[in-house]
Protein chains: 2
Amino acid sequence: MSKRIGIVDVAAAAGVSATTVSHALSGQGKMSAETRERVSRIAAELGYAPNRIASALRRQRSSIIGFVSDQIAISPFAGQIVLGAQDAAAERGALLMVVTSNSDPRVEAQQLDALVAQQVDAMVYARMSHRRVAAPPQLLRQPAVLIDAYDPDSNLDSIVPDERQIGRLATDRLLAAGHRVIVHVTVDEHEPAARGRIDGYLDACAEAGIRARVIRMPGLGDARAGREALARALAEHPETTAAFAFNDPMAMGVYQAAATRGLRIPEDLSIVSVDNLEIIASQLRPALTTVRLPQYEMGRFAIARLFELLETGERTGDRRVRLACELVERESVTAPRTQLTVTHP
Amino acid sequence: MSKRIGIVDVAAAAGVSATTVSHALSGQGKMSAETRERVSRIAAELGYAPNRIASALRRQRSSIIGFVSDQIAISPFAGQIVLGAQDAAAERGALLMVVTSNSDPRVEAQQLDALVAQQVDAMVYARMSHRRVAAPPQLLRQPAVLIDAYDPDSNLDSIVPDERQIGRLATDRLLAAGHRVIVHVTVDEHEPAARGRIDGYLDACAEAGIRARVIRMPGLGDARAGREALARALAEHPETTAAFAFNDPMAMGVYQAAATRGLRIPEDLSIVSVDNLEIIASQLRPALTTVRLPQYEMGRFAIARLFELLETGERTGDRRVRLACELVERESVTAPRTQLTVTHP
DNA sequence: TGCGAGGGAAGAAACGTTTTGCCGTTCCGG
DNA sequence: CCGGAACGGCAAAACGTTTCTTCCCTCGCA
């Protein structure tokens, strides 16, 4: 491990001052193209790598963005958000510093302090499911945005999926296939995500002039809830031909309950859900048609917004950004057995 | 955003020199307990947060550990490894800087360079499935370890799951339940993970004196492969009562194929697999008995090893560490229908 | 009383950049 | 031919710590 070579070594080798090297490499200042080129070449030859620590100290700008999330382990969502954020940061010459509190507030506080000490330029505070939160005070020392979370008491920017549009999109897909008896199996509507999706479902039903049938289950939505929900749905609405599930695990439960009853998917029951968990959606048989949450985009958008705040001190647009989602078509939707003939007036 | 307060502000407020503040806060140097206590108190009152950038520059030690992984999005594994590494790093006052290349070598090189520029003290290079790799040159500038990967050409430390023990453990579980006809559905044995698990399976079969029946499928192991594998297994070995699947998605396929044939799990077919993907294993019905990979432990171990290298320049123990795995009991294993009576001699 | 030891604290240098201000040279127009 | 702008480049200060060295003072002992 030989001594790291620095700007002065390059300067010596090129027979110029450190200042000139700095200028040459950063494209600042006035200098002959010849010198600039020669210095750059020598730097490359020597394998010079800038020391971002020194640079950060001098410039009072670390080019590091802190990314705090409550979970990274459990949900594959996190990864996509981080990826989007990382890509966007890299495009701007910044690096992400990701920490996960595993939902422990004490750990979270420690980590936030560590990020502050690290002089991060800005912070992203991400939740892995849409939540209302109280933003920790460390977020207020530098620009910060929330992902999948909002805090009505602070004026931090917030980036969330457009839950209502999700409900709309999923239901419209089933309507478009010709279904008229569509149940929505979901969870407690205190979940912001559930609330929004229900609203979207209701909108779509109202517009289509069909009856809304919402089955609410306790908990956060897993296969068990999906199984029980389908049982209830069929008991209450035996004529059901399609289901819109709150998330992919619930959809998996619906598959299981359908199999138990000898209902085939999609011939007897069409399903649309939300999450696009690759590991479920594409492994189920038939593969699950589901709404993809815009995780990658949320990550990107967060960083873009942060740089906007860093560079201009101002933000454009809304404080609360809802990103639209898209449907991923697979195989779990088809027309109902007794297709309604649509009469064009 | 008021000016950040630094060590000199504390010094001024306490009527001492910056040196003394530094000593007081770090517990270095000789000084009266009274001064030390007073300085600490004043620092706390002023809300002093150390500037780790400045500290890093002076000490030539950033206390940042780079963590490079090929994937973070797709697999929930990554999260656990990162979590383990993060916890271990936090215990030692270090921070993790996680980057994901998304398996793009160009991106990876860029990110490695960025980490080098960031003056990371050490690096973790993680793959999300057990692989042979060629370690990139940037890893050699500071201590580094590989996770779920090994490079026979470098002398970097390597931390991997004990694949052979996995095969052993899973097969033994089925043997213990009384099964004598156990198929192993797996993938191409060029996968290091597959190779090791097959060996463990063969060991267990040999020791139990039963015939080994390995079904190899192309690809990396998904539900489709699992379905086809079970079909082949039953064609070749109709008397099969138990299956050991390479991973959870394949096990999911086995469930699907079993359902198609009217085989009940576990009554007609017991299953053990590997991964413990929460989202599959606990959502399947019956819940899947599966081997948990020691991700968290691998993360922790990697950091521990790195600090060993940083502090002593030496390592203890093996260059290639295989961590043992444990079985997570759920509901997919029971005794075979026609139980063999074990005669004690 | 003189002297050395040693505790407590301060001064100053150093880490590797970036940036400000300045200096010498050239070139142009008046 | 002179004044001044434009240009190319350099010296030095600054960023906030840590650490090496020095300094002062007190205390104990001969």
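Side chains included, hydrogens not; waters and symmetry mates left out as well; all remaining heavy atoms used. Chain naming here is simple, since letters A, B, ... match the order of the sequence lines and numbering starts at 1 in each. All of these numbers come straight from a predicted model, not from anything done at the bench.
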(message) Please identify which of these residues, B:E91, B:Q86, B:Q295, meets the side-chain hydrogen bond (donor to acceptor under 3.5 Å, both in side chains) condition with B:R300.
(response) B:E91
(message) Does B:S32 reach a base, just sugar-phosphate, or nothing at all? Heavy atoms under 4.0 Å.
(response) sugar-phosphate
(request) Take atom CD1 of B:I53 and atom C1' of D:dT17, then tell me their distance rounded to the nearest Å. (result) 12 Å
(request) Assign A:T35 to base, sugar-phosphate, or nothing according to its heavy-atom contacts below 4.0 angstrom with the strands shown. (result) sugar-phosphate
(message) Does a side-chain N or O of B:Y48 approach OP1 or OP2 of D:dG16 to a distance below 4.0 Å, or not?
(response) no
(request) Whole angstrom is fine here: how far is it from NE2 in B:H23 over to P in C:dA10? (result) 11 Å
Between the protein and nucleotides 13-15 of chain D, are there any N/O to N/O pairs under 3.5 Å, and if so, what are the atom names and distances?
residue: D:dA14; atom: N3; partner: A:R58; partner atom: NH1; Å: 3.1
residue: D:dC15; atom: O2; partner: A:R58; partner atom: N; Å: 3.2

(message) At less than 3.5 Å, do the side-chain atoms of A:T19 and the base atoms of D:dA11 form a donor-acceptor pair?
(response) yes
(request) Return no unless some side-chain N or O of B:S22 is found under 4.0 Å from OP1 or OP2 of D:dT18. (result) yes
(message) Does any part of the side chain of B:I64, heavy atoms only, come nearer than 4.5 Å to the side chain of B:L115, both counted from C-beta?
(response) no
(request) Quickly work out the A:M31 CE to D:dC10 P distance and round it to whole Å. (result) 8 Å
(request) Please report, rounded to the nearest Å, how far the P atom of C:dG16 is from the CZ atom of A:R61. (result) 24 Å
(message) Would you say B:S17 places a side-chain N or O within less than 4.0 Å of OP1 or OP2 belonging to C:dG11?
(response) no
(message) Using whole Å, what does the distance between atom P of nucleotide D:dG16 and atom CZ of B:R4 come to?
(response) 10 Å
(request) Specify the closest pair of heavy atoms between A:L57 and B:A54, including all atoms of both residues, with the distance to one decimal. (result) CD1-CB, 3.8 Å
(request) For the residue pair A:N51 and A:R4, establish whether any side-chain heavy-atom pair is separated by less than 4.5 Å. (result) no
(request) On DNA chain C, check which nucleotide each of A:P50 and B:A18 is closest to and give me the residue with the more 5' one. (result) B:A18
(message) Looking at A:R127 and A:D148, is there a salt bridge between them, counting it only when a charged N and a carboxylate O are closer than 4.0 Å?
(response) no
(message) Out of the candidates A:V98, A:I147, A:I159, only one should pair with A:I81 under the side chain to side chain contact (heavy atoms under 4.5 Å, CB included) rule; please name it.
(response) A:I147
(request) Taking the side chain as every heavy atom from C-beta outward, state whether A:Q138 and A:Y125 have any pair of such atoms under 4.5 Å apart. (result) no
